[in-house]
Enquirer: 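Following this message is one structure expressed as structure tokens.
Note that the structure is a prediction, hence the values are computed from the model and not measured. Per chain, numbering begins at 1; letters A, B, ... match sequence-line order.
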Amino acid sequence: MNYDFKKIEKKWQEEWENKGAFHAKNDFSLPKYYALVEFPYPSGQGLHVGHPRSYTALDIVSRKKRMQGYNVMYPMGWDAFGLPTENFAIKNKIHPKTVTEKNIARFKSQLMSLGLSFDWSREINTTDEKYYKWTQWIFIQLFNHGLAYKSKMAVNWCTSCKCVLANEEVVNGVCERCGSEVIRREKSQWMLKITNYAQRLIDDLDLVDFIDRVNVQQKNWIGRSEGAEVDFETTAGENLRVYTTRPDTLFGATYMVISPEHPFIEKHASLIKNIDEVNAYKAEAAKKSDFERTELADKKEKTGVEIKGIRAVNPVNGKDLPIFVSDYVLITYGTGSIMAVPAHDTRDWDFAKKFGLPIIEVVSGGDVEKEAFTDVQTGIMVNSGFLDGLEVSEAKDKIIDWLVSNGKGERKVNFKLRDWVFSRQRYWGEPIPLIYCEKCGWVPVPENELPLTLPEVDSFEPGADGESPLASLTDWINCKCPKCAGYAKRETDTMPQWAGSSWYFLRYCDPHNDASLASKEALDYWMPVDWYNGGMEHTTLHLLYSRFWAKFLYDIGILSCPEPYAKRTSHGMILGENGEKMSKSRGNVVNPDDIINEYGADTMRLYEMFIGDFEKSAPWSSQSIKGCKRFLDKFASLSQIAAGRGATPELEKPFHKTIKKVTEDIDSLKMNTAIASMMELINEISDKGSLTLDELETFTLLLCPFAPHLAEEMWHEVCGKDTFASLAPWPSFDEAKTVDAVCELAVQICGKFKGTIMLDAGTSKDDALAAVKASEKFSKLLEGKTVIKEIVIPDKLINIVVK
RNA sequence: GCACCUGUGGCGAAAUUGGCAGACGCGCCAGACUUAGGAUCUGGUGUCUUUGACGUGGGGGUUCAAGUCCCUUCAGGUGCACCA
């Protein structure tokens with residue numbers, strides 16, 4: 001067979017698409033399989049060689065599942081709202097919609113050219129109003145259930161552009177676009193109460209099969225900690241409440257610290273003797289950019305000012321404590337104030353050393369004059385009154401009991417996770433469907449008026465003082481209150497890019513539904529996603545956000561499963577040939593179009609799967625890819641030797657072994673070894689010089705998920721079939737035929753390898769030892785020695801220990 | 001700084017429960033066919049002081065047996081980054 005990949009690939013891509021070969025069926029009685037990859041952001045650069053790594057891997061899984069008789073859904077779409085498009089639109093004065101359309105067209109044709117078995121009849125686009133109607137609908141449900149609220153929030157503010165920046169736009173503390181300083185500024189923002197779900201987002205990780213790294217990162221991000229809140233009386237008359245994970249060290253508290261933003265300062269300003277100094281410090285802290293704060297944390301140079309005129313009292317021993325204000329205490333975590341135990345906390349220790357504050361050891365085991373002793377496993381309580389002699393964990397329980405019974409504190413769990421800032425003052429996003437009425441407050445746009453479409457504007461640039469471009473559209477803003485029909489105004493903020501991707505996997509189940517985000521039947525059938533693969537960069541935010549939304553939809557009865565993804569894996573990056581990250585500036589970018597043009601999509605697919613461990617990053621090699629092309633050339637040339645029917649005796653075992661290996665490796669995402677085993681098989685066939693047509697058919701089907709175009713061509717032109725190889729039954733293997741009848745066992749004397757011996761499979765321990773002793777070669781080595789120990793691993797190894 | 005992950009030939013990498021380290025591919029070497037070879041085919045290819053010895057970042061340990069388990073150390077990567 002002539003392997004003209006350009007002709008073959010185009011031909012089969014068209015055939016598959018015309019016949020709808022990969023459309024998921026709406027027959028809900030069939031066993032289903034839902035494979036999902038992260039839908040791309042259609043950037044102007046076109047497809048990156050990294051995209052196909054993930055797409056091809058799950059394409060192989062999907063194709064195999066399809067051949068195994070599952071009703072497979074493998075969908076694709078576009079996550080198309082977002083800043084790069086908007087910035088491009090601003091710069092080139094083109095509507096972002098036009099930019100998006102163009103980019104999608106390019107991406108789609110590139111994906112098509114890879115022969116991925118996506119069900120294009122389910123294609124979705126987050127910027128399509130039929131789609132974002134339901135993004136808005138979900139937001140309204142969140143609002144109605146009290147999970148969306150407006151609040152003043154510190155945001156990134158570029159001092160030169162005079163606009164709010166997303167975190168992604170802040171690079172090393174400066175504006176990505178103009179390079180000037182970014183500061184924090186208070187602004188009213190829509191927030192989603194993801195913190196309500198913090199505990200469930202941790203607990204339910206037990207229900208799913210995520211790779212460990214992902215579980216760890218999710219848990220770290222949520223950051224659960226157990227401790228206590230403790231009240232400290234002050235001379236100002238108001239208690240200061242602190243959060244601590246180490247209530248056991250309460251006797252070691254020698255001062256207190258509150259964050260610069262803490263309301264306590266303003267409230268008791270009249271009592272503070274050095275209020276000017278304190279206010280100056282507050283102002284200084286407010287001015288600090290993220291960059292400076294991070295720098296400071298690195299050097300651990302603590303700053304702060306003592307609040308003179310107010311003192312606090314340690315509730316456990318009545319000791320008088322000074323109060324400081326310092327920016328190492330964050331207003332956003334815990335209560336915004338802490339008790340400082342310099343002997344057992346590194347940050348407190350640094351601060352105490354700098355300000356000459358006392359350090360009192362209350363847990364023995366370290367040298368607290370040299371450094372803070374933070375070990376909680378080994379220490380014994382000292383200098384701690386009724387806690388003396390206890391272990392740390394016992395002391396924790398005892399002190400919390402004491403605090404509770406004396407009304408001075410309580411047990412408390414805290415999370416690092418903060419509520420989700422959901423507003424963007426940008427054009428290219430979903431309008432937030434809320435209306436503000438003086439009389440009724442915030443009122444959602446009525447559901448029958450959804451979608452609330454993005455209005456046309458003259459300029460996509462953010463407004464002068466950081467307002468959304470929509471804020472200048474008076475006609476659009478002014479409206480009637482849906483409740484009281486009075487004068488009202490629309491919200492002008494839009495949603496962040498994360499919104500559309502937080503539920504897209506649900507829309508695929510029923511993408512053309514106008515009456516609901518998807519029918520209950522479709523959701524119950526398809527959900528949860530059986531296997532979701534994506535990049536590690538989305539492990540924290542996208543994964544957490546979408547799990548949160550899915551849990552909410554579960555709570556209100558839309559979804560029947562509490563977790564959206566049953567299984568999550570992650571792929572490594574493909575690096576440039578020099579081992580560095582691919583980027584234009586490094587000049588090491590490989591364009592997938594060029595590769596497909598030179599070697600074909602099948603070779604490209606095969607190479608990206610063969611490149612190495614799927615989870616690890618791997619450098620591209622323009623040399624290595626040739627090996628994959630050679631393998632496919634060899635496969636194509638099998639058409640010249642295939643003849644007759646039945647099984648070739650010498651090839652029977654290699655075939656069964658290969659089918660087993662490929663079948664199992666695909667399920668564990670070890671595509672590299674699956675391909676290696678097929679290469680071994682083709683080498684054995686070459687050595688033999690012949691194979692039957694039946695065997696060629698089997699090989700074709702095995703190769704089909706990896707190199708579908710060539711397999712399809714072989715199936716039709718050489719095997720003479722008129723169905724799709726891609727839909728033919730997956731080859732089966734006979735376990736008995738994968739085992740060798742005769743095994744080569746390693747023979748060791750005292751653990752040193754001395755040679756091998758051939759024995760029938762299943763030879764007993766005694767017989768194996770007898771065989772070794774009987775052999776001329778090994779018996780010589782044992783002459784005159786005393787046998788101490790004999791170890792036999794059946795069919796593998798014999799080790800005789802002698803003296 | 002803290003947490004997690006990874007260290008195996010010239011290169012990408014293989015190696016169920018600890019059981020013959022280096023499968024498969026690239027590259028390289030030799031040969032064949034060729035006007036030619038960045039095409040194809042055949043053979044070889046961990047290292048060395050080669051009757052054998054040594055080899056999975058370094059050091060130590062457990063074991064009949066360690067790439068795999070334990071301790072320690074070094075190097076690289078990723079995540080979080082003053083989270084009380």
Side-chain angles (χ1 to χ4, degrees), chain A residues 212-217 219-221 223-225 227-228 242-247 249 253 256-257 259 290 293-294 296-302 326-330 332-341 344-348 350-351 374 414-418 536-537 539-540 572-573 577 579 606-607 610-613 615-628 630-631 633-634 637 664 668 670 672-683 686 744-756 788-802:
Chain A
D212 226 41
R213 286 192 293 166
V214 172
N215 283 331
V216 168
Q217 276 192 36
K219 282 181 190 164
N220 284 349
W221 189 262
R224 183 183 197 273
S225 72
V242 305
Y243 172 69
T244 176
T245 55
R246 295 294 306 277
T249 61
M256 297 187 74
V257 187
S259 73
D290 279 358
R293 277 184 88 123
T294 313
L296 226 67
D298 262 351
K299 290 181 190 152
K300 292 193 152 183
E301 232 178 68
K302 299 279 184 286
S326 172
D327 66 358
Y328 83 89
V329 174
L330 310 174
T332 47
Y333 186 76
T335 60
S337 52
I338 63 158
M339 65 176 205
V341 184
H344 305 290
D345 182 282
T346 330
R347 296 148 305 181
D348 296 345
D350 292 339
F351 191 87
T374 56
N414 252 323
F415 298 93
K416 285 190 209 174
L417 184 69
R418 290 186 232 157
M536 279 313 282
E537 69 275 19
T539 301
T540 36
M573 258 194 296
E577 202 129 15
L606 207 63
Y607 174 61
F610 189 60
I611 197 165
D613 189 330
E615 287 189 17
K616 284 195 215 146
S617 57
W620 182 268
S621 163
S622 51
Q623 285 295 335
S624 287
I625 192 170
K626 289 178 185 166
C628 293
R630 270 174 214 156
F631 167 67
D633 285 336
K634 276 190 215 166
S637 71
E664 292 172 354
S668 50
K670 290 161 113 180
N672 51 343
T673 49
I675 294 166
S677 73
M678 286 190 282
M679 286 171 166
E680 280 182 78
L681 180 61
I682 213 162
N683 291 343
S686 297
E744 188 179 41
L745 283 81
V747 178
Q748 297 180 343
I749 310 285
C750 293
K752 290 275 177 197
F753 176 72
K754 294 294 174 192
T756 61
I788 306 170
K789 200 166 182 179
E790 293 168 326
I791 295 118
V792 178
I793 306 297
D795 302 340
K796 282 211 165 154
L797 171 141
I798 299 157
N799 186 10
I800 300 174
V801 186
V802 295

Enquirer: Would you indicate, yes or no, if B/C11 has its OP1 or OP2 atom less than 4.0 angstrom from a side-chain nitrogen or oxygen of A/Ser624?
Expert: no
Enquirer: Got a sec, which residues hit ring-ring contact (aromatic ring centres under 6.0 Å, His included) with A/Trp620, two or more places apart in sequence or on another chain?
Expert: A/Tyr607
Enquirer: Tell me whether B/G9 sits syn or anti, counting syn as a glycosidic angle within 90° of 0.
Expert: syn
Enquirer: Taking the same atom, P, in B/U78 and in B/G44, what whole-Å distance lies between them?
Expert: 41 Å
Enquirer: With rounding to the closest Å, how many angstrom separate the P atoms on B/U56 and B/A21?
Expert: 12 Å
Enquirer: Taking the C1' atom of each, how far is B/A32 from B/A36, in whole Å?
Expert: 15 Å
Enquirer: Among B/A84, B/G25, B/C64, find the nucleotide with the atom closest to the side chain of A/Asn799.
Expert: B/C64
Enquirer: Please determine whether any donor N or O and acceptor N or O are separated by less than 3.5 Å between the side chain of A/Glu744 and the base of B/C20.
Expert: yes
Enquirer: Would you say a side-chain N or O of A/Gln217 is under 4.0 Å from OP1 or OP2 of B/G79?
Expert: no
Enquirer: Just call it for A/Glu790: base, sugar-phosphate, or nothing, with non-hydrogen atoms closer than 4.0 Å on any strand.
Expert: nothing
Enquirer: Over how many whole Å does the gap from A/Ile675 atom CD1 to B/A23 atom P extend?
Expert: 18 Å
Enquirer: When the C1' atoms of B/G9 and B/C28 are compared, how many Å lie between them, rounded to an integer?
Expert: 12 Å
Enquirer: Verify, without hydrogens or angle tests, whether A/Glu577 (side chain) and A/Ser622 (backbone) share a donor-acceptor contact under 3.5 angstrom.
Expert: yes
Enquirer: Can you tell me if A/Asp350 and A/Tyr328 form a side-chain donor-acceptor pair at under 3.5 Å?
Expert: no
Enquirer: Starting at OG1 of A/Thr244, measure out to CG of A/Asp345 and round the result to the nearest 0.5 Å.
Expert: 8.5 Å
Enquirer: In whole angstroms, how far is the P atom of B/C20 from the CD1 atom of A/Ile791?
Expert: 14 Å
Enquirer: State whether A/Lys416 places a side-chain N or O below 4.0 Å from either non-bridging phosphate oxygen (OP1 or OP2) of B/C82.
Expert: no
Enquirer: Provide, to the nearest angstrom, the distance between the CZ atom belonging to A/Phe753 and the C1' atom belonging to B/G52.
Expert: 14 Å
Enquirer: Say you pick atom C1' in B/C82 and the same atom in B/A75; how far apart are they, in whole Å?
Expert: 28 Å
Enquirer: Look at the side chain of A/Ile611 and decide which nucleotide, out of B/C80, B/G12, B/A14, has an atom nearest to it.
Expert: B/G12
Enquirer: Among B/G27, B/G12, B/C20, which is the nearest nucleotide to the side chain of A/Gln623?
Expert: B/G27
Enquirer: What is the distance, rounded to the nearest whole Å, between atom CE of A/Met573 and atom C1' of B/G76?
Expert: 14 Å
Enquirer: Please report the distance separating the P of B/G19 from the corresponding atom of B/A65, rounded so that it comes out in whole Å.
Expert: 14 Å
Enquirer: Can you tell me if the side-chain N/O atoms of A/Asn672 get under 4.0 Å from OP1 or OP2 in B/A14?
Expert: yes
Enquirer: B/C26, OP1 or OP2 - any side-chain N/O from A/Arg630 closer than 4.0 Å?
Expert: yes
Enquirer: Between B/A84, B/A65, B/C20, which one does the side chain of A/Leu797 approach most closely?
Expert: B/C20
Enquirer: Between A/Ile793 and A/Lys616, which residue's closest nucleotide on RNA chain B lies nearer the 5′ terminus?
Expert: A/Lys616
Enquirer: A/Asp212 has an atom CG; how far is it from atom P of B/G79, in whole Å?
Expert: 18 Å
Enquirer: Please report the distance separating the P of B/G76 from the corresponding atom of B/G31, rounded so that it comes out in whole Å.
Expert: 44 Å
Enquirer: Looking only at atom P, what distance separates B/C26 and B/A39, rounded to whole Å?
Expert: 11 Å
Enquirer: Can you find a donor-acceptor pair, distance only, under 3.5 Å between A/Lys302 side chain and B/C82 base?
Expert: yes
Enquirer: For the side chain of A/Tyr333, starting at C-beta, report the closest nucleotide among B/C80, B/A84, B/C24.
Expert: B/A84
